[in-house]
2 protein chains.
Amino acid sequence: MGTTQLETVPEPKYWHLKTVLTEALDSEFSVGEILPNERDLAARFGVARATLRQALEQLELEGRLQRRRGVGTTVAPPRVGVAVGTEQHAWPGAASDAWQPVDCDQAAPPTAVAKALETGADEPVHTVRRSRMSHGQPVATEQLYIPAASVPDLTAIDAPSGPARARAVLRELQHLTLEGQDRAVELGSARADDAKELDRLPGSPVLVVTTRFFAAGRTAALSVATYRADTCRLTFGDSPDVEIHHDPEQRAS
Amino acid sequence: MGTTQLETVPEPKYWHLKTVLTEALDSEFSVGEILPNERDLAARFGVARATLRQALEQLELEGRLQRRRGVGTTVAPPRVGVAVGTEQHAWPGAASDAWQPVDCDQAAPPTAVAKALETGADEPVHTVRRSRMSHGQPVATEQLYIPAASVPDLTAIDAPSGPARARAVLRELQHLTLEGQDRAVELGSARADDAKELDRLPGSPVLVVTTRFFAAGRTAALSVATYRADTCRLTFGDSPDVEIHHDPEQRAS
DNA sequence: TAGTGGTCTAGACCACGGG
DNA sequence: CCGTGGTCTAGACCACTAT
């Protein structure tokens with residue numbers, strides 16, 4: 001009764017491979033250890049390299065492996081918890097919010113961003129780029145869109161672009177009263193520039209966190225942050241130290 | 001200067017294909033429309049089917065396409081915003097929290113769950129399975145782990161399993177005073193059972209939301225929710241109606 | 001039964017990283 | 001330079017869905 005599925009269906013090879021490899025990773029390998037190369041592994045399991053790669057891709061997606069061209073495949077450490085929701089109700093750039101200003105310029109935003117900011121499609125906004133590190137590794141990049149109206153007192157005290165400019169814009173932002181904020185998380189694939197900064201290939205899976213900041217009845221700033229999906233676990237509470245998950249098919253009945 | 005990259009690197013075919021297809025989707029197709037089959041598309045673009053598939057996979061990951069075996073590839077509607085963080089500080093099962101109880105039994109949880117609940121590894125806990133719908137489609141499944149200590153007054157009023165039992169357990173939970181909660185989001189791949197319920201293939205990318213509920217100084221319940229990554233955008237604020245994102249490489253400089 | 005996407009193979013060549 | 005993972009090909013067969 002219930003879901004008594006005898007599964008006459010033959011399990012795909014890559015799926016079974018993934019299970020086997022997962023168990024091997026749990027028992028016979030330690031973090032940082034490098035695996036045999038793909039050609040050897042494929043031969044050892046008696047499958048084509050493409051099939052072996054399908055299994056490795058999934059394991060990398062799940063954060064169990066790390067593959068680097070020209071180097072090899074290594075066992076990844078557990079995902080690092082990255083706090084996203086702690087500094088509730090604080091402007092980006094407040095105190096030290098784990099982000100590091102990288103650059104800033106003034107340009108017309110993508111149409112979707114312009115819509116969210118309720119600015120004209122061609123009206124230039126301040127675009128701050130920031131990056132976030134964890135354990136010495138880059139884990140996220142961010143584009144912060146700030147309409148000129150949100151930083152009215154910004155003067156030409158600094159260069160029109162560069163990190164100094166970024167800091168100046170963020171400093172001005174603090175003068176506004178933050179009335180609320182709004183977050184969304186979705187899966188995306190890394191653009192070429194983000195990928196380069198995250199030390200990944202273009203198209204790598206990323207978690208995209210979109211945050212809207214409200215002030216004076218408007219959307220005063222919009223942040224689009226791109227986190228490496230393979231290495232990050234986004235935490236929204238107070239304790240970024242949990243580690244649930246990672247159990248292959250642990251459910252029978 | 002800065003990042004003046006002339007890119008002597010030849011762009012991978014599948015990446016270029018993805019760009020072309022994205023533009024085609026934006027301009028020439030409407031939601032729900034079915035694309036030519038993979039063999040025809042591959043021929044039309046002069047690439048092998050495997051290469052074409054690599055592009056389609058990415059587009060599906062980004063929620064632009066929906067592929068179904070035996071049917072075809074269709075243009076997906078924009079991702080649906082799914083509220084995850086609104087009902088702050090409420091027990092699962094309170095009022096109507098968008099989740100529908102499916103089943104419940106009492107079994108020893110996976111070790112990682114047992115650790116988070118601070119129960120013995122072999123101590124059975126109530127395991128409630130719930131599912132969540134949106135626009136008539138299943139978007140998430142959940143496993144709720146509730147230690148027996150959290151529902152001390154639970155009697156044998158109902159069957160030891162089944163939806164009725166699930167509701168009884170959730171009802172008992174409300175009697176506790178919720179002291180706080182804790183959330184994390186990470187990328188995962190669908191287990192076979194979850195995949196079946198979400199109408200996806202095993203291994204499909206999913207967003208795993210882990211929530212800990214605190215009461216009486218302990219972790220009184222633990223929820224592991226699995227959302228379809230292709231169709232869902234998880235929202236944590238009050239307005240699930242934003243739509244940022246979706247712009248191919250809209251950054252030159 | 002016909003047509004779709006999903007899996008798999010056995011090759012080939014390329015881009016990158018490190019000696 | 002060599003060895004690694006990344007890309008690509010041209011096939012084959014299978015599982016599923018609709019008719």
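As the structure is a prediction and not an experimental result, all values here were calculated from the model.
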Does a side chain donor of either [X] or [Y] reach within less than 3.5 Å of an acceptor in the other side chain?
{"X": "B:E33", "Y": "B:S30", "value": "yes"}
{"X": "A:S223", "Y": "A:E142", "value": "yes"}
{"X": "A:E62", "Y": "B:S189", "value": "yes"}
{"X": "B:Q100", "Y": "B:S131", "value": "no"}

Margin query: Under 4.0 Å between a side-chain nitrogen and a carboxylate oxygen: does that hold for A:R200 and A:E60?
Written below: yes

Notebook entry, point to check: Where the side chain of B:Q54 is defined as all heavy atoms beyond and including C-beta, which of D:dT4, D:dC8, C:dT7 is the nearest nucleotide?
Noted result: D:dC8

Roughly how many Å is it from [atom1] in [X] to [atom2] in [N], rounded to a whole number?
{"X": "B:E57", "N": "D:dC8", "atom1": "CD", "atom2": "C1'", "value": "14 Å"}
{"X": "A:R69", "N": "C:dC16", "atom1": "CZ", "atom2": "P", "value": "5 Å"}
{"X": "B:I34", "N": "D:dT17", "atom1": "CD1", "atom2": "P", "value": "16 Å"}
{"X": "A:K13", "N": "C:dG6", "atom1": "NZ", "atom2": "C1'", "value": "14 Å"}
{"X": "B:H16", "N": "D:dT7", "atom1": "NE2", "atom2": "P", "value": "16 Å"}
{"X": "B:K196", "N": "D:dC16", "atom1": "NZ", "atom2": "C1'", "value": "13 Å"}
{"X": "A:E11", "N": "C:dT7", "atom1": "CD", "atom2": "P", "value": "12 Å"}
{"X": "B:R67", "N": "C:dG6", "atom1": "CZ", "atom2": "C1'", "value": "9 Å"}

Next item on the list: Anything under 30° is parallel, anything over 60° is perpendicular, the rest tilted; go ahead and classify A:W99 against A:Y227.
Entry: perpendicular

Any side-chain N or O of [X] under 4.0 Å from OP1/OP2 of [N]?
{"X": "A:T73", "N": "D:dT4", "result": "no"}
{"X": "A:Y14", "N": "C:dC8", "result": "no"}
{"X": "B:R53", "N": "C:dG5", "result": "no"}

Notebook entry, point to check: Say you draw a straight line from CD of B:Q54 to CG of B:L17; how long is it, rounded to the nearest 0.5 Å?
Noted result: 10.0 Å

Next item on the list: Take B:P202 and B:G70, find for each the nucleotide of DNA chain C with the closest heavy atom, and name the residue whose nucleotide sits nearer the 5' end.
Entry: B:G70

Checklist line | Touch class at under 4.0 angstrom, heavy-atom based, for B:L201 against every strand present | finding: sugar-phosphate

Next item on the list: Residues of residues 36-52 of chain B with any non-hydrogen atom less than 4.0 angstrom from an atom of DNA chain C: list those, numerically ordered, please.
Entry: B:N37, B:E38, B:R39, B:R49

